[in-house]
Trainee: 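I'd like to ask you about the structure that follows.
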Amino acid sequence: MFPAEFDYQAPTSLNEAIKLLQGSDGAIKALAGGQSLLPLMKLRLASPSTLVDLREVPELRGIRSDGSGVIYGAMTTYFQAIDSPITQSKVPLVIQALRQVGDPQVRARGTIGGSLAHADPAGDLPAVALALNARMHAVGPNGERDIASRDFFTDMLTTALQPSELLSWVRFEATDTPRTGTAYVKHRHPASGYAVVGIAAVVVLDPNGVCQEARVGITGAGTHAARAMGVEQALTGQPFTQAVAEASTHAAEGLDLLSDYYASAEYRAHLTRTLTLRALHQAGQAAQR
Ligand SMILES: Cc1cc2nc3c(=O)[nH]c(=O)nc-3n(C[C@H](O)[C@H](O)[C@H](O)COP(=O)(O)OP(=O)(O)OC[C@H]3O[C@@H](n4cnc5c(N)ncnc54)[C@H](O)[C@@H]3O)c2cc1C
């Protein structure tokens, strides 16, 4: 399959990239790792008139810590994030999840910014972004703005970004604080490897095992990634070990559940509750080490 004809631009600065996207109603598209966009173009499900390749834009690169968080340039590839000592020490949840994305080729080319901006309902990183209280930094013709992860994923393949805005970096809250544990648990689709349901969990306990904070991001189950607010509320302030099973029963509440030949809405709801319990168990154990 071949894509429809398109123009190609390769800007060498963020300003230049923004200018090229200016006035775009979606016909001019940014190109990051191409792991989602190019298959869509080959299937003619997307036919942009112009691709703006972000590979040569230096402002979109780099990984750094600001103490309580880690900032990833949008063009950071999955492998770069996984291999970074900053990721390993500050936000191991990113590694726990990204190791489960696609195959080595996808992890070599796919980018953090591309995954978040694409907002695939079965993508792994959106759940992680929610559990790590991510802040997305958008740049467009009207300036810059920060978007909280909870406001970012608005619908299937849809985010709060405007068509002429670029995601320039994302900041994940660090979890290298005492008695904090994280886990990512995924039920892979047997054919595609995408998440039928994926759960990202962060748990903070006090010295007596009482849950001070729990953050749970869900992907795959619904039209877009979402926080499991009912679970988080049921756990916070409670003895973790005693409360976790009942709290997990709230995991599918409020989700706009997907249904397909592989997994009905009912099965997805079941998986969501079961994998939430599993992810919370793992995160709770890590918090007690
Ligand atoms: C075989 C295969 C298996 C896969 N398995 C998984 C999996 O298990 N889990 C998973 O999560 N994903 C999986 N993926 C998808 C992969 O993670 C993609 O890399 C990711 O979804 C998109 O990232 P990208 O950098 O390739 O973006 P691209 O494909 O280049 O772009 C995707 C979309 O985001 C937009 N975009 C890109 N960067 C920006 C930016 N900085 N600002 C604004 N808009 C931007 C583009 O315009 C486009 O609309 C798989 C892909 C393949 C081909």
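We count ligands from 1, going down the list as the structure has it; atoms in each ligand are counted the same way.
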Trainee: Identify, by atom number and element, the atoms of ligand 1 in contact range of Ala30, meaning under 4.0 Å from any of its heavy atoms.
Mentor: 46 (C), 47 (O)
Trainee: Tell me whether Ala122 has any N or O atom under 3.5 angstrom from an N or O of ligand 1.
Mentor: no
Trainee: For the residue pair Arg268 and Gly220, what are the closest heavy atoms and their distance?
Mentor: NE-O, 3.1 Å
Trainee: Looking only at distances, please establish whether an N/O atom of ligand 1 is found under 3.5 Å from an N/O atom of Asp103.
Mentor: no
Trainee: Verify, without hydrogens or angle tests, whether Thr274 (side chain) and Leu271 (backbone) share a donor-acceptor contact under 3.5 angstrom.
Mentor: no
Trainee: Closer than 4.0 Å to some heavy atom of Ala74 - which atoms of ligand 1 meet that?
Mentor: 41 (N)
Trainee: So, regarding Leu31 and ligand 1 (criterion: nitrogen or oxygen to nitrogen or oxygen, under 3.5 Å), is there a contact or not?
Mentor: no
Trainee: Answer with yes or no whether the side chains of Gln96 and Thr182 bring together a donor and an acceptor at under 3.5 Å.
Mentor: yes
Trainee: At what distance is the nearest protein heavy atom to atom 11 (O) of ligand 1, and which residue and atom is it?
Mentor: Asp124 N, 2.8 Å
Trainee: Hey, are Asp206 and Arg179 close enough for a salt bridge, meaning a charged N less than 4.0 Å from a carboxylate O?
Mentor: no
Trainee: Under a 4.0 Å N-O cut-off, is there an ion pair linking Glu232 with Arg227?
Mentor: yes
Trainee: Within ligand 1, which atoms have a heavy atom of Gly193 less than 4.0 Å away?
Mentor: 8 (O)
Trainee: With ring-ring contact (aromatic ring centres under 6.0 Å, His included) as the test, pick out the partner of Tyr72 among Phe172, Tyr78, Trp169.
Mentor: Phe172
Trainee: May I ask you to check whether His224 and Asp155 show a side-chain donor-acceptor distance below 3.5 Å?
Mentor: no
Trainee: Is there any N or O on Arg109 that sits under 3.5 Å from an N or O of ligand 1?
Mentor: no
Trainee: Measure the distances from the heavy atoms of Ser115 to every atom of ligand 1 and state whether one is below 4.0 angstrom.
Mentor: yes
Trainee: Name the closest protein heavy atom to atom 43 (C) of ligand 1, giving the residue it belongs to and the distance to 0.1 Å.
Mentor: Leu167 N, 3.6 Å
Trainee: Using a 4.0 Å heavy-atom cut-off, say whether Ala32 meets ligand 1 through its side chain, its backbone, both or neither.
Mentor: both
Trainee: Is the shortest distance from a heavy atom of Met41 to ligand 1 less than 4.0 Å?
Mentor: no
Trainee: Take Gln212 and Thr236 through the test side chain to side chain contact (heavy atoms under 4.5 Å, CB included) and record every step on the way to the result.
Mentor: CA-CA 6 Å; Gln212 288 185 312; Thr236 307; over 6 Å; no
Trainee: Can you tell me if Lys29 uses its side chain to pair, donor with acceptor, with the backbone of Val52 under 3.5 Å?
Mentor: no
Trainee: Purely on distance, is any nitrogen or oxygen of Gly102 under 3.5 Å from one on ligand 1?
Mentor: yes
Trainee: Show the atoms of ligand 1 that are less than 4.0 angstrom away from any heavy atom in Lys186.
Mentor: 8 (O)
Trainee: Heavy atom to atom 45 (C) of ligand 1, shortest distance: which of Gly114, Ala117, Gly123, Ser168 holds it?
Mentor: Ala117
Trainee: Taking only heavy atoms of Gly33, which atoms of ligand 1 are found under 4.0 Å from at least one of them?
Mentor: 24 (P), 25 (O), 26 (O), 27 (O), 30 (O)
Trainee: Hey, which atoms in ligand 1 end up nearer than 4.0 Å to a heavy atom of Gly110?
Mentor: 19 (O), 25 (O), 26 (O)
Trainee: Based purely on interatomic distance, does Glu165 place a nitrogen or oxygen under 3.5 Å from a nitrogen or oxygen of ligand 1?
Mentor: no
Trainee: Using the rule given for salt bridge (Lys or Arg N to Asp or Glu O under 4.0 Å), can you reason through Arg61 versus Glu59, listing the C-alpha separation, both sets of side-chain angles and the distance that settles it, and then say yes or no?
Mentor: CA-CA 6 Å; Arg61 298 204 166 268; Glu59 295 95 323; over 6 Å; no
Trainee: Do the charged groups of Glu165 and Arg145 touch, with an N to O distance under 4.0 Å?
Mentor: yes
Trainee: Run down the list Leu54, Val106, Leu14 and name the one with the heavy atom closest to atom 2 (C) of ligand 1.
Mentor: Val106
